[in-house]
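Start at 1 with the first residue, then count along the sequence.
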Amino acid sequence: MGQGWGRGWCLGLWWLVVALVAAAAAAEEGVREAAVAVAPRRHAYAAMMYMGTPRDYEFYVATRVMMRSLGRLGADADRIVIASLDVPLHWVQALKDDGVKVVSVENLKNPYEKQENFNTRFKLTLNKLYAWSLVSYDRVVMLDSDNIFLQNTDELFQCGQFCAVFINPCIFHTGLFVLQPSMDVFKNMLHELAVGRENPDGADQGFLASYFPDLLDQPMFHPPANGTKLEGSYRLPLGYQMDASYYYLKLRWSIPCGPNSVITFPSAPWFKPWYWWSWPVLPLGLSWHEQRRENLGYSSELPAVLIQALLYIGIIAVTRLARPSLSKMCYNRRMEKSTIFLLTALRVVAAWSILAAYTIPFFLIPRTVHPLLGWPLYLLGAFSLSSIVINVFLLHPLAVLTTWFGIIGALFVMAFPWYLNGVVRALAVFAYTFCCAPLMWASLVKIMSSLRILIERDAFILGEPNQTAEFTKLY
């Protein structure tokens, strides 16, 4: 019995040792995971935000979409926004809620703002130099807000002290570049600003091109397979900054240099991809909005869209029920001017009214709403305001709405997804415009003719002494 008790005691001790070893291993793994969770990351994607342009809100939305898309792509790096002190606090809080770190900075004074070729919208872009002050990171990828990431690009953190893409054959693009933060470099850059270093455009692009003049002679970046970081400066493959204009020629991407990872839009400011009118005018406009739909949504713009839609529907209903006429407004009014003068004035007023009917809805729509919401809302608004013009001036509906139907046709022509390439698409748009031009002219002639007939009606010559009641009936 003693032996049995001894064997049981040994067996129990054995299982106790096994349990203790397993518990210790689990505790060690938990500590390791916790350490990994709290360990600061050594890499960062950074963008900047500042105030003072007519498009501050659009760039705020674009920055949030880009940062959220980086999170969805599994970027193993911090996401940072270098924000000037005057950025609204609720914008800063929204970025923080997205998991973005916000670094507040004072705006750097731009010493080049008095240059002849200086564009005021670039006045504060030198804030981008603050990226070199982020010394808690080994590498930083500095970004403009108009980038669309197609895949994870964490391999960029293996690049050297400065790496950028040459979109222009001779000048690198600062919409995306890799840097190694350094306070010495940052202070030297501030010194170069103070002494007025040469800067062709007065913006970050010109300053950095002047500061790193020999980048064109550097080798192409290829990430080492073992994950080590390179030293020195490198040119980045074009696939990291695919200019959207390359796509428009063939309507597909065919960049042989590097992975096709990032799309950039260095185009005219009013054709950035976040504007609702960017698609289908520019085929890639929908790509950015799809990223926004997936990452951020449109809840901030939907109330304004619904209010405008209800307003336009109400206008259409009222114009259908009440049909005022210019003749009623002119009843029993003795004309002091000649009929020719009145006709000219009426034509001018009618033309401006039609122009306003097609332009006012365009400017009322929230700029960053989805194109599939923006264009229907615009067409609804243009139709409703055109109905007012039709009723007030007693115009033929088809003549006024010819432009409306023409816009719908143009949208379908541009949105057609099966063009062989961009040249065929451009020719199709040109052919459509060529065919529509005579119809537009005919509608304008019809409108002017209708106004002349309206002037010549008896209701507009009531001031003559021989006017009888038979000819003074209201239309």
Side-chain angles (χ1 to χ4, degrees), residues 55 58 62 65-66 69 143-151 153 164-176 205 235-294 362 367-376 378-379 403 405-440:
R55 298 175 292 277
E58 290 94 295
V65 171
M66 183 178 66
S69 68
L143 303 165
D144 283 347
S145 299
D146 58 352
N147 285 307
I148 296 179
F149 281 79
L150 304 180
Q151 59 186 12
T153 57
V165 179
F166 281 82
I167 294 180
N168 181 296
C170 300
I171 302 174
F172 61 82
H173 183 55
T174 58
L176 180 151
Q205 176 81 53
R235 291 179 292 119
L236 292 178
L238 190 58
Y240 290 110
Q241 279 287 267
M242 300 187 297
D243 190 334
S245 60
Y246 299 156
Y247 178 88
Y248 300 143
L249 184 60
K250 295 185 177 180
L251 297 182
R252 59 182 176 86
W253 289 115
S254 58
I255 305 297
C257 183
N260 293 184
S261 301
V262 186
I263 305 171
T264 187
F265 295 81
S267 56
W270 292 108
F271 280 99
K272 293 296 185 181
W274 46 77
Y275 293 118
W276 62 266
W277 59 83
S278 65
W279 182 88
V281 178
L282 303 178
L284 284 175
L286 201 61
S287 301
W288 185 91
H289 280 281
E290 285 303 299
Q291 284 211 359
R292 178 178 178 179
R293 184 185 60 81
E294 296 172 357
F362 183 90
R367 294 175 180 175
T368 56
V369 76
H370 197 287
L372 296 183
L373 291 175
W375 279 112
Y378 168 74
L379 292 170
T403 302
F405 287 110
I407 293 173
I408 293 178
L411 293 177
F412 277 104
V413 171
M414 290 186 289
F416 185 74
W418 295 292
Y419 291 114
L420 294 177
N421 52 56
V423 175
V424 175
R425 180 178 184 268
L427 291 175
V429 173
F430 176 79
Y432 176 81
T433 305
F434 182 80
C435 294
C436 282
L439 297 177
M440 300 289 290

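Exactly one of Leu236, Thr264, Thr153 qualifies for a side-chain contact (heavy atoms from CB on, under 4.5 Å) with Leu176. That residue is Leu236.
Inter-residue side-chain proximity for Pro273 and His289 is flagged as unmet; no heavy-atom pair is nearer than 4.5 Å. Within the 4.5 Å cutoff, no side-chain heavy atoms of Phe172 are placed close to those of Arg235. Annotation: side chain of Pro266 is in contact with side chain of Asp243 (closest heavy-atom distance under 4.5 Å). By the 4.5 Å heavy-atom criterion applied to side chains, Ser261 and Leu150 are not counted as neighbours. In this structure, the side chains of Val65 and Trp274 stay at 4.5 Å or more apart for every pair of heavy atoms. Leu284 has its side chain within reach of Tyr248: a pair of non-hydrogen atoms, C-beta onward, lies under 4.5 Å apart. At least one side-chain heavy atom of His370 sits under 4.5 Å from a side-chain heavy atom of Leu286. The closest side-chain heavy-atom distance from Trp288 to Met66 is not below 4.5 Å.
Residue Phe405 holds its CZ atom at 10.5 Å from CG of Leu379, rounded to the nearest 0.5 Å. Once rounded to the nearest 0.5 Å, the distance linking CH2 of Trp253 with OH of Tyr247 reads 8.0 Å.
Shortest non-hydrogen contact noted between Leu282 and Phe271 is CD1-O, 3.6 Å. Minimum heavy-atom separation, Leu251 to Pro283: CD2-CG, 4.0 Å. Scanning all heavy atoms of the two residues, the minimum distance from Asn260 to Gln151 falls at O-NE2, 4.1 Å. Here the shortest heavy-atom pairing between Gly409 and Tyr432 reads CA-OH, 3.1 Å. Nearest heavy-atom pair across Pro269 and Tyr275 is O-CE1, 3.2 Å. Minimum heavy-atom separation, Ser145 to Ala62: O-CB, 3.8 Å.
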Would Met440 and Thr403 count as a side-chain contact (heavy atoms from CB on, under 4.5 Å) here? Give the steps. CA-CA 7 Å; Met440 300 289 290; Thr403 302; 2.9 Å; yes
Under the criterion side-chain contact (heavy atoms from CB on, under 4.5 Å), I'd like the reasoning laid out for Arg252 against Asn421: C-alpha separation, chi angles, the key distance, then a yes or no. CA-CA 8 Å; Arg252 59 182 176 86; Asn421 52 56; over 6 Å; no
Apply side-chain contact (heavy atoms from CB on, under 4.5 Å) to the pair Leu372 and Trp279, showing each step before the final yes or no. CA-CA 9 Å; Leu372 296 183; Trp279 182 88; 3.6 Å; yes
Output, in order, the C-alpha distance, side-chain angles, deciding distance and verdict of side-chain contact (heavy atoms from CB on, under 4.5 Å) for Val262 and Met242. CA-CA 6 Å; Val262 186; Met242 300 187 297; over 6 Å; no
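Distance alone, capped at 3.5 Å, places no donor-acceptor pair between the Asp144 side chain and the Asp146 backbone. Between the side chain of His173 and the main chain of Ala164, no donor-acceptor pair closer than 3.5 Å is present. Looking at Glu290, its side chain never comes within 3.5 Å of a backbone N or O of Gly285 through a donor-acceptor pair. Checking side-chain atoms of Lys272 against main-chain N and O of Phe265 turns up a donor-acceptor pair under 3.5 Å. Distance alone, capped at 3.5 Å, is enough to place a donor-acceptor pair between the Thr433 side chain and the Val429 backbone.
Side-chain contact, Asn147 with Gln241: a donor N or O sits under 3.5 Å from an acceptor N or O. Under 3.5 Å, the side chains of Thr368 and Glu58 contain no donor-acceptor pair of N or O atoms.
No more than 12 heavy-atom neighbours from other residues, nucleotides or ligands sit within 6.0 angstrom of CZ on Phe412. Counting heavy atoms of neighbouring residues, nucleotides and ligands inside a 6.0 Å radius, atom CZ of Phe430 does not exceed 12 of them.
In this structure, Arg425 fails the cation-pi test against Trp418, since its NZ or CZ atom is not both closer than 6.0 Å to the six-membered ring centre and inside 45 degrees of the ring normal.
Between Phe362 and Trp277, the gap from one ring centroid to the other is short of 6.0 Å.
The aromatic rings of Trp276 and Trp375 sit perpendicular, their planes meeting at an angle over 60°, well past the 30° parallel limit.
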